[in-house]
Visitor: 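Pasting a structure here, questions to come.
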Number of protein chains: 2
Amino acid sequence: MPSWKVQTLGIIPESIRNLKKRSRGGESVKLKAIPLDIYTGGRYVAVMNKERVESMNLHPQDRILIKFGSEEVVAIIDTTERGIGKDEIGTYKDTTEKLGIKKGDLVEVVPAKPPESVEFIKEKINNQSLNYKKILKIIEDVVERNITDIELASFVTALHLNGVSLEEAEYLSRAMAETGRILELGKKPIYDKHSIGGVPGDKTTMLVVPIVASAGLIIPKTSSKAITSPAGTANRVGVLTNVDLTLEEIKEVVEKTNGCMAWGGSMELAPADDLLIQVEYPIGVDPMLLPSIMAKKKSVGADYVVIDIPVGRGAKIRTMEEAQDLADSFIELGRRLGMSVRCGITYGEQPIGYAMGPALEALEALKTLMGDWSAKDLVEKATSLAGMLLELSGEHRGKEKALKILKEGVAEKKFREIIGEQGGDPDVKPSDIQLGDKVVQIKSNHSGQVLWLSNPILSEIARAAGAPKDEGAGVLLNKKVNDLVNKGDLLFTIYAESERRMDRALEILKREEPVIVRKKITEKMLLEEVPGKKQERFFLLER
Amino acid sequence: MPSWKVQTLGIIPESIRNLKKRSRGGESVKLKAIPLDIYTGGRYVAVMNKERVESMNLHPQDRILIKFGSEEVVAIIDTTERGIGKDEIGTYKDTTEKLGIKKGDLVEVVPAKPPESVEFIKEKINNQSLNYKKILKIIEDVVERNITDIELASFVTALHLNGVSLEEAEYLSRAMAETGRILELGKKPIYDKHSIGGVPGDKTTMLVVPIVASAGLIIPKTSSKAITSPAGTANRVGVLTNVDLTLEEIKEVVEKTNGCMAWGGSMELAPADDLLIQVEYPIGVDPMLLPSIMAKKKSVGADYVVIDIPVGRGAKIRTMEEAQDLADSFIELGRRLGMSVRCGITYGEQPIGYAMGPALEALEALKTLMGDWSAKDLVEKATSLAGMLLELSGEHRGKEKALKILKEGVAEKKFREIIGEQGGDPDVKPSDIQLGDKVVQIKSNHSGQVLWLSNPILSEIARAAGAPKDEGAGVLLNKKVNDLVNKGDLLFTIYAESERRMDRALEILKREEPVIVRKKITEKMLLEEVPGKKQERFFLLER
């Protein structure tokens, strides 16, 4: 029987608000739970039958509120045509456990709105700038896993294409720090150092931290693990000691030694960064470079920061102009966040030192600390950056002081103290470090001079050989740019822990030339043939 | 025992290529298959343990090649910490069936590269323009489901932000048409008509097709279903006849009647469009408007096309300037694709006619065809656009001819012929059309004149009432812009098929005012308060 009703519509919404409240809005259905045996890593996802989703006027990736007893979660809809029936709902383990449901339980499902932050993401996609409140809401929802991959990929792409203003970088830094834990040492001032990355073999931090810590500066250094490179500082240090520290453990180590070298990933400092990287990595963009680095500096309470910006072909930053602009942005962003920042623009056309891969690099750093200065560029770079930190503390001739600390073995002593406090062997000898036992030496079949080392190709070879997961894998250079080469001279050595991975590394040499040896520069005027072999863009995300 | 080997590295890669081929590259592991009970809708996805993924130096969303016997697929990696062990791999049903595996089977897993098109997507993200070959490769991989959501969202966002050039629009149109099926009628010329959408209640097509078909023009019209609106043409026509036709069936109907009104979604004309919409919808962008429409026109072999561009507040295009630019682009894009295009910029500030929702609109279209011209704007719009098509065929006074065809009942006869051939009842009477039996009339509690009807709010009410899924649900206006209103006059009627959905529709009236009735314009000078109630951006994706 048809039901006819009449209502009136007035000027003043109040007249309408007085209507008897008939519904809480949103239509609900009861569905039978089908728990799925997979964790989604913190995100709530439910699988519904396509027809059911359509009949509710919903779409894939829309949100639903799932209620069971007194528990409820907002989940993102995945659809399927078969496997889950019209009256069923598949719940991944995160959702299943949160609701406390078991197979066959009836749950209530109601359409839900996307979080407000999705509107703010859309604003950014439409090239509007975002205020702090909106950025904080977005970052909060990123950390709470309320944002879908599609939304997050779109946000990151929009940041990349529209650019991140200094205001937004400041807001992003603050929001990322605020949504994570904070290291509170109860001491001031705090010093820190960071490289934007992009150069393989950069074990500078392993020298800088003990140098400045032995000068009395407090430097609670956290570092990342490799994503696309053969080793990050956390991988290198991890060969010699434990890097997986809690905030409490960092406090203890710094209390005793003034410094530490810990992995930043495990202690929830600016946790949004890792979630953003998961989307930035597949699409090869890095708009969060500035805010991510500065958020982590803010999380450890840094007052004085030195940023290393390597420049060169095959590095993240290609030209001096770009590097200077980036340096200006770091300094201004630091000012806004209450940090005094200095930047060092460094030569990044070839690897730092000779070693790439966790164990090879730990070995090179240890030897350098112990007085073997054959990796001259490493010594030069580390003492320059350490000198800048020392000067920020009021020292006049920072670099000289840094060299002295290194030369006299004070830095080595401090280094051993730190790795000892972090749980490693303070008396570690170079011969204790295990390298991969599959070794191939690559020699030159002609004479000349090294014109060029390719960072991307060397990284690719070291990674194919197993680095960073296989700590003993990597590449050890024997020649660097401008070195003279005789026919038969060793160019570099590849280390691997398995034949299989060594094979993969050697495979690369069939198509790529990591070391260019030529008599004179005029011998190789043709740089590339088009069409020719595909040059893949090498993407450096580490920061 | 350490293995030492020596190789030489030469100037000419050939010297290296002669190395004994030691490996096909890529490291393989054997994992135990755990089939999962879910279909992913054509995309190959595998779930692996996080530790296993890391130990292979892989990341979530990377690709792997899975081999079993002679079968292999490239799948995208999802990771989980629990549920799937280190030596296991979860396979969704699409993957399970493609490989023919069952629980416990050992499959071989090898890291795989992303398809080449991902590099092209990255080029677009870095603001490079893409040539035809690259765009075709991207669209092919979209259709074959080789692109992840993250990559696709990023591509669509980049198109939105960088803009789509006319070259790219041409390439996208061609690629989308080429990767789908093509309607070949064996007759020429073909006429077509399309609205870019954005105005609710636009049942113009249901008049235009029979008018021009009865004049002898061939018009194989395909339409979409609603995504964010109360009804698409396929929903409206679907009330009266079958719209889910195969290409063969379309050919038969057009052979007999010169026209058809079919749903474009089931016959794989430009299938990339639906997959792109799945990403565009959640982030609220529509960079593919031009190429998507023109790809579908190309797929049906159109020679002459009339494009309707509604303009107004609450429509997709807000200003005449924007509309003229878009019209120019359509005309130029048509020229490049070998089509003669004319555009009609139409008034889109309020719904077309009075009815919104599938059955209400089908009823209004049928009544209008039968001679009830109370929906004057509908008659005016339909005969204007039909007139443009007639003029493209050489007719001089197109609109007059269209009006005559409509007035004399020739169009009604043709309409009945077409719906009959498509499998509906050619003798359908208005009273046969079932409307929702839950009805609420909304009356005005004051006198004045209608200043404004809100397309977005009226759409929202009709959708909340159940449209388009509940065909009988919707909104029937009684007053339109400039109409005089006495206190107690009926403004509009809401129809629903269930109390629950009616409640949801009425809920909206507590916060929104879809019909603005005022004495004079000066009564409502304050348009919005800030901060005040949140105005949600209404996103119109239908095209």
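Letters A, B, ... are given to chains in the order of the sequence lines, protein chains preceding strands, and every chain is numbered from 1.
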Visitor: Name the region of A:I34, side chain, backbone, both or neither, that has any atom closer than 4.5 Å to a heavy atom of chain B.
Guide: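 Neither part; nothing is under 4.5 Å.
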
Visitor: In terms of heavy-atom pairs under 4.5 Å, which option from B:K93, B:R82, B:E151 contacts chain A the most?
Guide: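 So the answer, after comparing B:K93, B:R82, B:E151, is B:R82.
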
Visitor: At a 4.5 Å cut-off on heavy atoms, which part of A:T79 comes close to chain B: side chain, backbone, both, or neither?
Guide: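 Backbone only.
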
Visitor: Tell me the closest heavy-atom pair linking A:I283 and B:S154, and the distance in Å.
Guide: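 Result for this residue pair: CD1-OG, 3.4 Å.
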
Visitor: Which answer fits A:V279, side chain, backbone, both or neither, if we ask what part of it has an atom under 4.5 Å from a heavy atom of chain B?
Guide: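 The answer is both parts of A:V279.
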
Visitor: Select one option (side chain, backbone, both, neither) describing which atoms of B:L36 are under 4.5 Å from chain A's heavy atoms.
Guide: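 Side chain only.
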
Visitor: What heavy-atom pair brings B:P282 and A:Q61 nearest, and what distance separates the two atoms?
Guide: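 Looks like CG-CB, 4.3 Å.
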
Visitor: Looking at chain A, which one of B:A505, B:G90, B:P468 has the largest number of heavy-atom pairs inside 4.5 Å, strictly under?
Guide: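 Ranked by contacts with chain A, first place is B:P468.
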
Visitor: Between B:D62 and chain A, which part of the residue has a heavy atom less than 4.5 Å away: side chain, backbone, both or neither?
Guide: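 Contact with chain A involves the side chain of B:D62 alone.
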
Visitor: Using non-hydrogen atoms only, which part of A:Y92 is less than 4.5 Å away from chain B: side chain, backbone, both, or neither?
Guide: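 Contact with chain B: side chain only.
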
Visitor: Does any backbone or side-chain atom of A:A467 lie under 4.5 Å from a heavy atom of chain B? Answer side chain, backbone, both or neither.
Guide: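 Contact with chain B is through the backbone of A:A467 alone.
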
Visitor: In terms of heavy-atom pairs under 4.5 Å, which option from A:D37, A:I150, A:T148, A:N162 contacts chain B the most?
Guide: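 Answer, by heavy-atom pair count under 4.5 Å with chain B: A:I150.
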
